[in-house]
Q: 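Dropping the structure in here first, questions after.
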Amino acid sequence: MQFEQLCVLGLGYIGLPTASTFATHGLAVIGVDVNRRVVDILRSGEVHIQEPGLRSLVQAALGSGHLSIHDAPREADAFIIAVPTPVTSDRRADLSYVVAAAESIVPCLRRGNLVVLESTCPPRTTVDIVAPILERSGLKAGEGFYLAYSPERVLPGKILQELVENARVIGGVNQASAAAGRDLYAMFVRGEILLSDSTTAEMVKLMENTSRDVNIAIANEFSRLAESFGVDVWEAIDIANRHPRINILRPGPGVGGHCISVDPWFLVEAAPEISTLIQEARSVNDGQPAHVVELLSRALGSLRGIKIAALGLSYKPNVDDMRESPAIAVVQKLVEAGAEVSYFEPYAPEVQIAGATGARSIKDAVRDAMAAILLVNHTEFEDIEPASVQKLMAGRTILDTRGTWDRSEWTEAGFQFIALGVGESKAHSNS
Ligand code: SAJ
């Protein structure tokens with residue numbers, strides 16, 4: 001199948017790089033977002049998302065005349081839906097954006113068009129929800145128009161590279177739909193393109209992120225076990241991972257981001273009685289922020305009125321994304337415990353947390369603090385010199401939740417060094 005015009009609905013973390021990449025590969029791309037602010041920012045040549053290389057890619061796409069930005073879809077050969085699927089407070093997938101996007105395509109849909117859903121969705125969404133909406137056009141899915149599900153699987157921070165290089169699964173509602181999807185993505189994807197049915201492709205995406213969540217949960221559980229046995233979990237993981245078939249992930253203050261902490265719920269929602277392991281893993285990971293606060297209270301006693309410096313708020317290193325961030329959950333719990341928290345997030349200096357104070361630098365955050373806690377291992381936090389903060393802090397307690405800092409450097413500078421995943425006796429024997 002040949003494509004000349006593509007309409008991409010949703011210009012967020014996935015839609016914008018995807019639309020821009022297609023445009024720089026010669027397709028005429030109609031980029032659509034219902035958020036007026038996003039449309040205005042993009043039309044002015046700026047981007048609303050921080051991602052390495054994205055700004056220049058978007059500018060190249062706009063400059064080439066192949067990408068235009070709109071607030072509603074227009075006729076095209078193919079449509080890609082890349083809108084968010086948030087999780088509701090009762091942990092169900094909120095498909096309202098997907099539904100609205102599919103409904104907005106109906107008046108534009110013509111015989112022979114292709115529609116691809118990229119948003120992460122519960123199994124069977126393409127066939128049970130999206131197909132019936134699009135069929136209101138009078139055309140039948142798989143016959144009058146092609147319909148496929150193809151999940152994005154790119155890693156924030158490496159989106160542009162992974163978009164092109166990762167293997168891509170395209171699940172059609174029938175074989176012809178999968179083949180049409182392959183023809184579209186083959187325009188820029190250099191990784192393997194695997195064809196399947198739409199429900200399998202939906203399940204693949206959910207399995208990937210759920211499997212990572214469960215693997216992080218076991219790492220977090222190991223870290224709690226190590227603390228109670230007087231073991232250094234980081235050392236133990238390092239040794240275990242020398243085994244040819246073992247790859248234990250890293251413990252930490254919890255799992256954040258819009259994907260790994262959310263997607264497992266889409267499987268649980270679909271079949272709660274047969275997803276108990278997945279639910280247990282979620283609860284282990286969601287319990288980490290409280291555990292981090294507990295580690296600090298064990299060292300300091302009551303946190304009421306104690307000044308604590310929190311370093312990092314984003315959900316993982318070197319990104320500005322705060323969604324579902326466990327670091328924020330830790331700060332909120334410290335505030336609830338009565339602590340005076342001063343936080344510093346270099347990637348989003350403006351971010352506000354009720355009851356806590358935003359600092360403009362590491363020095364500003366640690367000034368007069370009794371304790372400092374490393375929540376995100378941003379590159380610029382890795383090389384903090386203990387001596388440089390020692391002069392500014394009022395107390396001498398450090399909590400490393402990421403296995404980043406060197407215990408001996410901190411203890412030599414006179415600090416009490418607590419590390420998530422390191423039991424008491426091991427901490428003393430190493431100091
Ligand atoms: N984390 C740990 N320990 C680890 C690895 C991660 O605690 O060993 C935490 C991170 O700190 C972070 C969270 O998990 O809070 C998620 O980070 P991540 O880097 O594992 O993943 P994401 O959410 O940035 O991106 C994931 C990726 N999925 C997989 O690796 C299976 C990406 O490929 C997906 O495209 C993305 O979700 C998505 O959009 O679904």
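For this chain, numbers begin at 1 and follow the sequence in order. In listed order, ligands and their atoms are each counted from 1.
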Q: Restricting to pairs with a member in residues 17-41, which pass salt bridge (Lys or Arg N to Asp or Glu O under 4.0 Å), not counting sequence neighbours?
A: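 Pairs touching residues 17-41 that pass the test: R36-D40, R36-D71.
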Q: Hey, can you tell me if F188 and F22 have their rings parallel, tilted or perpendicular (30° and 60° cut-offs)?
A: perpendicular
Q: Might you list the protein residues in contact with ligand 1, defined as having a heavy atom under 4.0 Å from one of its atoms, sorted by chain and number?
A: E152, R153, V154, L155, P156, K205, E208, N209, R212, I216, L249, R250, G254, V255, G256, C259, I260, Y315, K316, R402
Q: Once side-chain contact (heavy atoms from CB on, under 4.5 Å) is applied, do any residues pair with E192, and if so which ones, sequence neighbours excluded?
A: A167, L194
Q: May I have all residue pairs that pass salt bridge (Lys or Arg N to Asp or Glu O under 4.0 Å) and include part of residues 284-293, sequence neighbours excluded?
A: R91-D286, R282-D286
Q: Using a distance-only test with no angle check, is there a side-chain donor-acceptor pair under 3.5 angstrom linking N113 and D77?
A: no
Q: For the residue pair R402 and P253, establish whether any side-chain heavy-atom pair is separated by less than 4.5 Å.
A: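 Side-chain contact under 4.5 Å: yes.
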